[in-house]
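The structure displayed is predicted, hence computed values, not measured ones. Lettering of chains follows the sequences in order, A, B, ..., and the numbering in each one begins at 1.
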Amino acid sequence: MPPADSTPVTPSSLLAPAVSLQGITMVFGDVLALDRVDLDLIPGTRHAVVGENGAGKSTLMKVLFGLLSPTAGQVRIDGAPRRLHSPADAIALGIGMVQQHFDLIGPLTVAENITLGSEVVSGPFLDRAAAEAAVGRLADDSGLAINPAARVETLSVASQQRVEILKALYRKARLVILDEPTAVLAPSEARDLWEATERLASEGRTVVFITHKLEDVMAHADFVTVLRRGNRVLSKPVAETDPGELAAAMVGVPGASASVHATDAAPPRTGAERPVPVLALRNLTVRGQRGEVAVRNASLEVRGGEILGLAGVDGSGQTEMIEAIIGLRPSETGSVMLREEEITHFSVARRRKAGIGYVPEDRLHRALVLSFSLEENAILGRQRDPEFASGSGFLRLGAMRAFLQERASTFDVRGTGVGKSARALSGGNQQKLVLARELSRRPAVLIASQPTRGLDFGASAFVHRALRAERDRGVAVLVQSLDLAEVLSLSDRVAVMLGGAIVGVVSHAEATEESIGELMTGARGA
Amino acid sequence: MNELLAAAIRQWVPLAFAATGGVVSERSGVVNIALEGMMLAGAFASVSAASATGNTLLGLLAGLLAGALVGLLHAVITQALRVPHILSGVGINLGMLGLTTYALRLYEGGGLESAATLSYPVMAAAAALAVGLTTLVLARTPLGLRLRACGENPGAARTAGVSVTRVRYGAVVASGALAGLGGVALALTTLGVFTENMTAGRGYVALAAVIFGRWNPLGAAATAFFFALGDAVQIALQTAGLGGRIPPDFLSLLPYVLTLIALGTIRSRNIAPAALGDPSV
Amino acid sequence: MVALLLGAVIIALAQKSVTAPAEAYSSLFRGAFGDPSAWSNTLARAMPLLLTGAAVFVALAAGLFNIGAEGQLSVGGLAAAVVGITFKSLPAPLLLGLSLLAAMAAGAAWGYLPAYLKVKRGAHEVITAILLNYVAQNTTRYLATGPLREPGGAAGQTAEVGATLSRLSPNYDLHWGLVIAAVAVALTAVALRRTVWGYETRAVGQGPGAAEAAGISVARVQINAMLISGALAGLAGAVVILGEVPFRRFPSDFYGSGYGFDGLAAALLAGGSAWALFPAALLFGGLASGAEQMTFDVGTPKQIVSVVQAILIIAVAARLVVRRPGNRPVSHTPGSEVIPPSVAAPEPGSL
C-alpha cells in the first residue's frame with residue numbers, strides 16, 4: 001500500500017492541530033521518562049509514534065489519555081489548555097485509547113461493554129435490544145464488523161480489539177490512540193485494522209498509533225514522531241522520510257538497523273545434524289482455565305541443537321501447551337516425552353530434574369518471588385540441591401551468595417547489591433537472573449515464553465544471544481512469542497498454532513511473514 | 001411437616017437477607033466476611049431501639065441503619081485505607097462481637113429484651129422481596145451493570161467513566177443494610193431478645209450460601225434455604241425429645257457441617273467475579 | 001495508639017463520663033504491668049499467645065490465614081486432658097510428653113481440614129476454619145459436659161489430669177509452659193529463615209506462581225504449614241490445660257478463652273519477623289490481664305479490649321498496606337511483606 005494514498009499530506013505548519021502536547025515531562029522516582037516532548041496531532045491524519053522499548057511511547061500516550069499526570073507540560077485541545085486527571089476527562093474531550101492489554105469485561109456482551117457508563121435505558125431498566133441495535137449501526141458505519149450480542153470472552157483477539165475501538169467511537173472520540181495495535185494480530189487481521197484506521201482518518205478523525213515496525217509507519221501513517229530515551233528526536237510527514245532515517249533516529253546511530261531481531265543473527269540450522277527429538281508431544285489435549293479445550297491433539301518434536309519457534313495469534317493455545325509441558329497444567333490425553341521417557345504424569349519438580357528449563361512468560365508472578373532476596377531467587381527450584389542445603393535441612397547461605405555472585409557476573413546482571421529484592425531490578429536484569437538460574441541446571445530442553453517482552457534493545461539482544469548459545473550447545477530450545485519477527489529471526493523451524501491445534505511446522509527457509517501469517521489465521525491449511 | 005417448613009422459613013429469613021447483602025457486596029468486588037458483624041450490629045441495635053421506644057418499626061430502622069454503618073466502616077477500611085478485605089472483615093467481626101457484648105453488659109442486669117416484636121411472615125415477605133429486587137437491579141438496571149463491571153474489571157469500569165469507589169461504597173453500605181435486616185429478623189421477630197454472640201456464625205453461613213449460590217441472589221437464597229432446613233431439622237429433633245439420645249450440642253453441629261460439606265463439594269473459581277478482593281482503588 | 005484513643009471514645013460515650021476512659025485505662029495498665037504479680041499474670045496470659053501467634057505466623061508465611069487457631073487450641077486442650085486423665089497410671093514425665101503430643105496431633109488434625117478443603121476443593125480457609133471453630137466449640141462443650149464429665153464432680157468440666165507442668169517459681173503462676181512457648185517461637189523464627197522448609201514455605205506465601213513453576217508443590221507446602229500451625233495451636237491448648245492453676249481439667253467453656261484470636265492479632269502485629277511475636281504477645285497478654293483488673297476496679301466490661309484489638313488489627317494492616325504496591329520504595333527489604341498476596345487478594349471463587 002502506498003503511503004497515505006487517500007489523504008493529502010500537507011506540511012504540518014499549514015494545518016491547525018486539534019490536539020497538541022507541549023513540553024511534556026514525566027519523572028518516575030529518579031527516572032526521566034519523558035523530557036519536554038512536543039506532539040501535534042492533525043485531524044484527518046494517521047500519526048505513528050515509534051521508538052524502542054523504554055523510549056517513552058506508551059508513557060506519552062498515557063499522558064494524552066489521562067492515565068498519567070505529567071510532571072510538567074500541557075495538553076492543548078483546539079488551542080485551549082486542558083487538565084486530564086483521568087481517562088474519563090480524556091473521553092469527555094473526545095480522546096479514546098485502545099491499550100495493549102484490552103480493558104474489557106469478559107462475561108458481559110459486546111453491547112454491554114461498549115455502552116457501559118452511558119447505557120441505553122427505557123424507564124429505569126436497560127434496553128438491551130436498543131443498545132445492541134445502536135452498537136450494530138455503529139459497527140456498520142465504521143466498518144468494524146462485530147456481533148453486538150456476543151459475550152466478549154468468546155471473541156477472538158482481533159474482534160476484541162474492534163470492540164475497544166467501537167467503545168471509543170461510541171463515546172464520540174475524535175482522536176483514537178492505538179498502542180501496538182498489530183502486536184497481537186495475524187497479518188490478514190492487521191490489514192483489516194489498517195483499512196479501518198484509514199476510514200477513521202478519512203472521516204476527519206485523528207489516529208495515533210504506537211509501533212516499532214517501520215514498514216507499518218511507511219505504509220499506514222501520514223506523520224511520524226520518533227522518541228528515544230524520553231526525547232523527541234524526529235517529527236515529520238512520512239513522505240519526507242525513509243526507513244533508514246527513522247531507524248537511525250530510533251537507536252541514535254546513523255545507519256543502524258532498527259530491528260532488534262536482525263542483530264547478530266547466527267545462520268539458522270537445519271536441525272539435520274541432530275535428528276533425535278529431545279522433547280516430543282504426542283496427541284496432547286489440554287483444557288484451559290475455563291474448562292474449554294485449549295490444546296487439541298497436538299503433536300510436536302523439538303530436536304537437540306535447534307530452536308523451534310512457536311507462533312500464533314494470542315490465545316491460540318500456546319500458553320496452555322507450554323504449561324502442560326512443564327507440568328503446571330494437567331494434560332487430558334496424549335503424552336509428553338523427554339528423550340524416549342514418558343513424563344506426562346511427572347510433577348513439575350521431576351520434570352525439571354529430568355532436564356527441562358523454563359523461562360516463563362509472566363516474569364513477575366511465575367519466574368521470580370519479588371519480595372525474595374536475589375540470592376533466594378537465584379536458587380529457586382534448586383533449594384534442595386546439596387550445593388545449597390545441608391543434610392540437616394538448613395540452607396547454605398554462604399553458598400547461595402557465592403552462587404549469585406558467579407551467576408550475576410556471568411550473565412551481566414546489574415544492581416545486585418547485598419540484601420536487595422528481585423523487585424528492585426529492572427525488567428532486563430530480572431530476565432537475565434531468570435536465564436542465569438535456568439541455565440545453571442544445564443537443561444536438555446529449554447522453554448522460553450515471550451522471552452523479550454517489555455525488554456529494551458540491549459537486554460533483548462542478550463536474551464537472544466543466550467538462547468542461540470544454548471542451541472549451539474545442543475539443547476532443544478522451544479521459543480514461544482507473539483512477535484512474529486522475533487520468531488522468524490530466532491527459529492530454525494517454526495510451528496504455528498491456531499485454535500489449539502498445531503496447523504503447520506515450517507522450516508526456516510520456507511518461513512516468511514506471509515506463509516506463517518496465513519497459517520496463523522487459517523488462510524492456508526498445512 | 002408444616003411446622004418443619006415454618007421453622008425452616010424462620011431460620012431462612014436472616015440468612016436470606018445476609019446472603020443477598022453478600023451478593024451485592026461481592027459482585028462489586030468487595031469480599032464480605034463482615035456479614036457476621038453487620039448482622040450482630042443490626043440485631044443489637046434493633047432490640048435496643050425497640051426496647052427503648054417500644055416501637056418495633058423504629059427497631060427495624062435502627063437495625064438497618066446499624067448494619068449500613070458497619071457496611072460504611074468496611075467500605076472505608078477496604079477502599080480508603082486499602083486494607084485487605086479479609087482482614088477488615090475479621091477485625092470488624094471481632095470488634096462488633098466485643099462492642100455488642102460490652103454494650104450488653106452495661107445494661108441493667110445484663111439482659112436486653114423488647115416486649116414488642118415484628119411479625120415474622122412480614123419479614124419473610126420482605127426477605128423474598130429483597131431477593132427479587134436485588135436480582136432485578138443487578139440484571140436489568142444500569143446501576144446493576146456498573147456494579148457487575150466493577151466486580152469483573154474495575155479498570156474497564158473506570159475508563160468507561162464509572163466511579164468504582166462510589167459504586168463499591170454504595171454496594172457495601174447496601175450490603176450492610178441488608179445484613180443488618182438479617183440481624184433484625186434474627187433478634188426482633190421471635191423472642192425480642194439480644195444475647196451475646198447471638199448470630200453464632202450465621203454471617204459465615206450466609207457467605208457460604210453466596211459462594212454455593214454462584215454469586216446470584218436467587219442461588220444464594222435457595223442455598224440459604226437448604227442450610228435453614230438443616231437447622232430446622234436439628235431444632236425439630238431437639239424438641240421432639242430425641243434430646244435424651246442425641247445431645248443438643250451435637251445436633252447443633254448440623255448447620256456448620258452441612259455448610260462445610262457444601263463448600264467441599266463445589267469448585268467455583270470460574271464463576272466468581274473476576275476482580276473479587278481486588279485491592280486497587 | 002489510635003486503637004487506644006478510639007477505645008477511649010467508645011468507653012466515654014458508653015459510660016457517659018469523660019473520666020471513665022482514664023480510670024479504665026489506668027486500671028488496665030496497673031493490671032498489666034503495675035507490680036510483679038501483674039507482670040506474672042501478663043506473662044501467663046502471653047504464654048499461650050506465643051504459641052497461637054507462632055501458629056498463625058507459620059500459616060501466614062505459607063499464604064494462609066489461620067483463623068481457626070481458637071478451634072485447634074480447644075481440641076488440643078481436650079486431647080491433652082483426655083490423655084492426662086486416661087493414662088493417669090503412667091509415670092508423670094511420660095504422661096506429660098504423651099499429653100503434649102496428643103494435643104499437637106489433635107490440633108494438627110483440626111488444621112488439616114481447612115488446608116485440605118483449600119488445596120483440593122478450592123474453599124477458602126477462612127470460612128471453613130471459622131465453621132470448624134463452631135464445630136470444635138460444640139464438640140468440646142458436649143464432651144466436657146457429657147461423656148467426659150468427672151463422675152460426681154462439678155458440672156461442666158472433666159476430671160483432673162495426672163501430670164501437670166510444674167511452676168517455675170513457687171510465688172507466681174508461671175510454669176514450664178512459658179519455656180516451651182518461648183522455645184517454639186525461637187524454633188519457628190529460625191526454621192522459617194534458615195531451613196529449606198522455611199524457604200519453600202515463604203516462597204509459596206510470597207510468590208505461589210513462581211514457587212509452583214520452580215517445582216515446589218504449593219498444595220504440599222500449604223498442607224504442611226497448616227499441620228504445623230494446628231500443632232502449635234494444639235500445644236497452646238495443652239500448656240494452658242496442663243499448667244494454668246484454675247484449669248488442670250478441661251472446662252466446657254474452654255473454647256472462647258480468646259487465645260486463638262489474640263494469637264491472630266499478635267501474629268499480624270508481629271509483622272515480618274517471628275521474633276517480634278515476643279513483644280506482640282506481651283502486649284496482648286497485658287491487655288488481657290489488665291482487662292480483668294479493669295472490670296474488677298471500675299466495672300468497665302472487659303470486652304472493650306476486643307474492640308481495641310480489632311482496631312489494632314485494622315490499623316496495623318492499613319499501615320502495612322500503605323507501604324505495598326504502587327508507592328513502594330525502591331530499596332525494599334526482602335521478605336518483609338507480612339500479608340501474603342493470596343490473603344491481600346484472595347483467588348476469585350474462594351470467598
Side-chain angles (χ1 to χ4, degrees), chain A residues 62 65-67 84-93 95-109 111-131 151-153 160 163-164 166-168 170-173 177 287-292, chain B residues 23 26-29 79 84 129 132-168 170-171 174 213-217 219 266-281:
Chain A
K62 282 179 178 166
F65 191 51
L67 283 164
L84 304 173
H85 295 291
S86 69
D89 293 347
I91 290 165
L93 291 165
I95 299 171
M97 179 165 178
V98 179
Q99 301 193 55
Q100 256 181 302
H101 294 279
F102 300 152
D103 230 353
L104 294 170
I105 301 162
L108 301 187
T109 67
E112 283 173 329
N113 266 281
I114 290 174
T115 59
L116 177 67
S118 37
E119 298 83 356
V120 183
V121 292
S122 73
F125 296 114
L126 293 167
D127 192 334
R128 201 177 159 153
R151 285 206 314 174
V152 162
E153 64 198 3
Q160 293 190 359
V163 177
E164 283 282 20
L166 286 168
K167 240 165 84 178
Y170 182 79
R171 291 176 169 73
K172 311 255 183 297
I177 308 164
R287 285 194 183 275
Q289 203 65 45
R290 278 174 282 121
E292 78 286 6
Chain B
V23 170
E26 299 224 331
R27 284 301 282 271
S28 81
Q79 304 303 304
L129 190 70
L133 266 179
T134 306
T135 309
L136 195 68
V137 169
L138 280 180
R140 299 286 312 277
T141 67
L143 182 66
L145 180 67
R146 292 173 185 192
L147 189 143
R148 286 183 283 136
C150 290
E152 293 289 346
N153 185 345
R158 206 170 290 124
T159 36
V162 176
S163 165
V164 176
T165 312
R166 219 173 338 161
V167 167
R168 286 189 175 162
R214 304 183 155 218
W215 287 269
N216 166 339
I266 48 155
R267 267 220 167 265
S268 48
R269 187 177 304 170
N270 305 316
I271 320 150
L276 185 51
D278 157 56
S280 77
V281 179

Chemist: Return the minimal non-hydrogen interatomic distance between Thr159(B) and Ile91(A), and the atom names on each side.
Modeler: O-CD1, 2.6 Å

Chemist: Given the options Gly161(B), Pro142(B), Gly155(B), which has more heavy-atom pairs under 4.5 Å with chain A than any of the others?
Modeler: Pro142(B)

Chemist: Which salt bridge (charged side-chain N to carboxylate O under 4.0 Å, His left out) pairs, counting each pair once, include a residue from residues 112-127 of chain A, with sequence neighbours left out?
Modeler: Glu119(A)-Arg146(B)

Chemist: With a 4.5 angstrom heavy-atom cut-off, which part of Pro124(A) approaches chain B: side chain, backbone, both or neither?
Modeler: backbone

Chemist: Compare every heavy atom of Ala149(B) with every heavy atom of Leu116(A), then report the nearest pair and how far apart it is.
Modeler: CD2-CB, 3.6 Å

Chemist: Report the C-alpha separation of Leu104(A) and Asn153(B) in whole Å, then their side-chain angles, then the decisive distance to 0.1 Å, and conclude whether the side chain to side chain contact (heavy atoms under 4.5 Å, CB included) test is met.
Modeler: CA-CA 7 Å; Leu104(A) 294 170; Asn153(B) 185 345; 5.6 Å; no

Chemist: Where on Arg171(A) is there a heavy atom nearer than 4.5 Å to chain B: the side chain, the backbone, both, or neither?
Modeler: side chain

